[in-house]
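These notes are about the structure you will find just below.
Excluded from the calculations below are hydrogen atoms, water molecules and symmetry mates; all remaining heavy atoms, backbone and side chain alike, are included. Read the numbers this way: they start at 1 and go in the same order the structure lists the ligands and their atoms.
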Amino acid sequence: MSETAQVISPGPALTAARTMIALEGVSKTYPGQDHPAVAELEFEVPEGAIVILIGPSGCGKTTTL
Ligand SMILES: Nc1ncnc2c1ncn2[C@@H]1O[C@H](COP(=O)(O)OP(=O)(O)O)[C@@H](O)[C@H]1O
Ligand SMILES: [Mg+2]
């Protein structure tokens, strides 16, 4: 897949915060599809962080959520 969502790292203050959500190796292939909508996704969301997923239509934002 050429178009991917962007993950932007938190600033130093949030990096020090505890991880609230951790994704590791998260993939999803919808039935009947030969390519995954999301492949081997990894990121961490620190406690208190507000996170947005940015990317073009169809890159897997909703699937990730
Ligand atoms: N229920 C579904 N069945 C098959 N393919 C799907 C389904 N939902 C999403 N997709 C496909 O998965 C990919 C990612 O979709 P989606 O997560 O909705 O992207 P975004 O939210 O970033 O627009 C797209 O190629 C979309 O067509
Ligand atoms: Mg969407």
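- For the ligand labelled ligand 1, residue Gly55 lies outside the 4.0 Å heavy-atom shell.
- Summarising the geometry of Ala49 relative to Val45, their closest heavy-atom pair is CB-CG1, 4.2 Å, with the distance given to 0.1 Å.
- Shortest non-hydrogen contact noted between Thr19 and Ile21 is CG2-O, 3.4 Å.
- Here is the list of ligand 1 atoms found below 4.0 Å of a heavy atom in Ser57: 23 (O).
- Atoms of ligand 1 lying under 4.0 Å from at least one heavy atom of Thr63, given by number and element, are 14 (C), 15 (O), 16 (P), 17 (O).
- Scanning both residues, Val38 and Val26, for their nearest heavy atoms gives CG1-O, 3.5 Å.
- Not one N/O/S atom of Thr63, from backbone or side chain, sits under 2.8 Å from the Mg ion (ligand 2).
- Heavy-atom minimum distance, Glu40 versus Ser27: N-OG, 2.8 Å.
- Below 3.5 Å of separation, one finds an N or O of Gly60 facing an N or O of ligand 1.
- Ala39 approaches Pro36 most closely through the heavy-atom pair CB-CG, 3.8 Å.
- Within the listing of ligand 1, atoms 19 (O), 22 (O) sit less than 4.0 angstrom from a heavy atom of Cys59.
- In terms of N/O distances under 3.5 Å, ligand 1 is approached by Lys61.
- Shortest non-hydrogen contact noted between Ala17 and Glu47 is CB-O, 3.8 Å.
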